[in-house]
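Encoded as structure tokens, the structure appears first; notes follow it.
So you know, we letter chains A, B, ... as the sequences are listed, proteins then strands, and number each from 1.
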Amino acid sequence: DTEVTQTPKHLVMGMTNKKSLKCEQHMGHRAMYWYKQKAKKPPELMFVYSYEKLSINESVPSRFSPECPNSSLLNLHLHALQPEDSALYLCASSRGNRGLGTGELFFGEGSRLTVL
Amino acid sequence: AQKVTQAQTEISVVEKEDVTLDCVYETRDTTYYLFWYKQPPSGELVFLIRRNSFDEQNEISGRYSWNFQKSTSSFNFTITASQVVDSAVYFCALSEAASGTYKYIFGTGTRLKVLA
């Protein structure tokens, strides 16, 4: 079983809806990531949080809003999405205490989002 | 700039055959990390191995083995006596630790189909 838990596993939303994706890890990792993955493509980095602070925003549209309430939780708030935003959204964490980028990423199973 | 190339888009083998997945990377840094991840149909990326740029020793773990050659900038992955459960998409990834980047660059992935 994965140690990174994502909810919900599936989400269908209209373009005017507001929804949130949630991610939780209890491994004591201090770096958390959101990735977006379209079918038959590699994961694309969206956001990185390091020690609960936003470190990287890969020019993601503002209709995606990340939040890191504490070191174990990571949210992705969704508002006014477009059909092309339909994808698998993956959360990951890494140790981050000896320099990010050196440790492996631990991924959740993802939240499969469909925007109608 | 960082780049990871997985030239094999899809490979099909018959069970018990050996198969090698190729990974070629580009980086200007002398300190970097290479990874392999497996993504089964369930969606979660599973970490398989990490190798740093100063350790060129090949590694074997059960039916899996990895060949890291700095001279050719390659980090190839071999599955011996493949099984149906090995069917998945395999991603090679690179992270440049020296530059302090938090980014993991993924290759485009190789879809492996193991036929019974």
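Heavy atoms closer than 4.5 Å to chain A are found in the side chain of B/Gln39, but not in its backbone. Using a 4.5 Å cut-off between heavy atoms, A/Gln37 contacts chain B through its side chain alone, with no backbone atom that close. Contacts of A/Glu58 with chain B are made by side-chain atoms alone, with heavy-atom separations under 4.5 Å and no backbone atom involved.
One side chain, A/Glu67 or A/His77, offers a donor N or O that lies under 3.5 Å from an acceptor on the other. Between A/His29 and A/Ser93, the side chains place a donor N or O and an acceptor N or O closer than 3.5 Å (distance only, hydrogens not considered).
Residues A/Tyr89 and A/Arg112 are not in side-chain contact: their nearest non-hydrogen atoms beyond the backbone lie 4.5 Å or more apart.
In this structure, A/Lys38 contributes its side chain and A/Ser86 its backbone to a donor-acceptor pair below 3.5 Å.
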